[in-house]
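These values consider heavy atoms only, across backbone and side chains, with no hydrogens, waters or symmetry-generated copies. Reminder, nothing fancy here: chain letters follow the sequence lines and each chain counts from 1.
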Amino acid sequence: AQTVTQSQPEMSVQEAETVTLSCTYDTSESDYYLFWYKQPPSRQMILVIRQEAYKQQNATENRFSVNFQKAAKSFSLKISDSQLGDAAMYFCAYGVTNAGKSTFGDGTTLTVKP
Amino acid sequence: DAGVTQSPTHLIKTRGQHVTLRCSPISGHKSVSWYQQVLGQGPQFIFQYYEKEERGRGNFPDRFSARQFPNYSSELNVNALLLGDSALYLCASSLIGQLNQPQHFGDGTRLSIL
């Protein structure tokens, strides 16, 4: 069974600094996607960044970047120049490309200190 | 354009009752997925529908059922409610139900069972 593990229930970062959130996953599939979602207290889940497994280049979206280690089944999220608005629950998720189901980790609560 | 809309926002039921949750996808999206998010955990996949047919089902009992209508909106039905059904129920829509297309989430329905 596919599983997603986020080993850091809570993380904190000082405003303007960099933080890395960890995620590992388990799968026997070769064609899949990995995602990071942000869920603020207002609760709408927002896609932050996604990575296609067959692409070796790490995805980047402005201040957000990933470190995708396929052999190690690791997918960490780096947030640079952290802002107060980055405070939220962050979920790592996995899904097989030709299916619509995503498997989520249990999340990491990120606090940003002014 | 309107995002994914879910109704109602909040719902309180008692054990043994039945509940229907509704979801309208983004215009043009033909796939809808349902997730259950228990407090403190990541979302768990319940169902996916594409073109009005069930495409995937998670590990939930038969008390949970869903359907998709010709306009691509969807209903999630839960019978014989249990205390453990208390959760945030999320709906996500995408163009064709494959993960190479982004999923867009609604704000969710908060279901409380007394």
Side-chain angles (χ1 to χ4, degrees), chain A residues 1-10 21-25 27 29-55 59 61 75 77 88-110, chain B residues 2-6 9-10 23 25-26 29-51 53-60 66 68 72 74 87-111:
Chain A
Q2 293 103 7
T3 58
V4 177
T5 302
Q6 294 179 248
S7 59
Q8 306 154 316
E10 297 178 353
L21 308 184
S22 301
C23 173
T24 58
Y25 61 96
T27 183
E29 300 284 345
S30 59
D31 188 11
Y32 56 88
Y33 277 78
L34 294 161
F35 308 88
W36 279 98
Y37 286 92
K38 171 185 178 182
Q39 189 177 41
S42 63
R43 79 188 180 199
Q44 185 176 62
M45 195 82 70
I46 302 166
L47 178 66
V48 173
I49 198 167
R50 67 176 187 166
Q51 174 80 40
E52 300 167 78
Y54 67 86
K55 286 190 175 180
E61 288 287 344
F75 183 62
L77 174 69
M89 178 78 87
Y90 285 82
F91 291 98
C92 178
Y94 155 95
V96 176
T97 299
N98 63 356
K101 165 189 174 181
S102 292
T103 300
F104 286 78
D106 281 338
T108 296
T109 300
L110 178 66
Chain B
V4 177
T5 57
Q6 293 187 242
T9 305
H10 294 91
C23 172
I26 291 173
H29 285 192
K30 298 182 178 180
S31 176
V32 168
S33 296
W34 287 95
Y35 291 84
Q36 180 196 65
Q37 187 179 12
V38 172
L39 192 63
Q41 297 180 16
Q44 298 291 316
F45 173 76
I46 310 175
F47 286 110
Q48 186 203 13
Y49 277 78
Y50 173 64
E51 288 283 16
E53 293 191 0
E54 183 182 301
R55 195 171 178 183
R57 172 185 286 252
N59 188 24
F60 280 80
Q68 187 176 33
Y72 302 109
S74 178
L88 179 67
Y89 288 84
L90 296 170
C91 173
S93 78
S94 63
L95 278 170
I96 60 172
Q98 295 187 0
L99 291 181
N100 54 0
Q101 299 291 329
Q103 288 191 97
H104 298 264
F105 284 83
D107 286 343
T109 294
R110 173 74 64 189
L111 176 63

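Note on B/Arg55, B/His104, B/Gln103: by heavy-atom pairs under 4.5 Å with chain A, the leading option is B/Gln103.
Of all heavy-atom pairs spanning A/Met45 and B/Pro43, the tightest one is CE-CG, 3.5 Å. Nearest heavy atoms, A/Asp106 versus B/Gly42: OD1-N, 3.2 Å.
Once rounded to the nearest 0.5 Å, the distance linking CZ of A/Phe104 with OH of B/Tyr35 reads 5.0 Å. Expressed to the nearest 0.5 Å, how far CD of B/Gln44 lies from NZ of A/Lys101 amounts to 9.0 Å.
Only the backbone of A/Val96 comes within contact range of chain B, judged by heavy atoms closer than 4.5 Å. Contacts between A/Ser102 and chain B at a heavy-atom distance below 4.5 Å involve backbone atoms as well as side-chain atoms. The part of A/Gln39 that comes within reach of chain B is its side chain, from C-beta onward, which places non-hydrogen atoms under 4.5 angstrom from that chain. Contact of B/Gln41 with chain A is made through backbone and side chain together, with heavy-atom distances under 4.5 Å. For A/Tyr32, no part lies near chain B; criterion is any non-hydrogen pair under 4.5 Å. Interface remark: B/Ser33 contributes side-chain atoms only to the contact with chain A (heavy atom separation under 4.5 Å). At a 4.5 Å heavy-atom cutoff, B/Ile96 makes no contact with chain A through either its backbone or its side chain.
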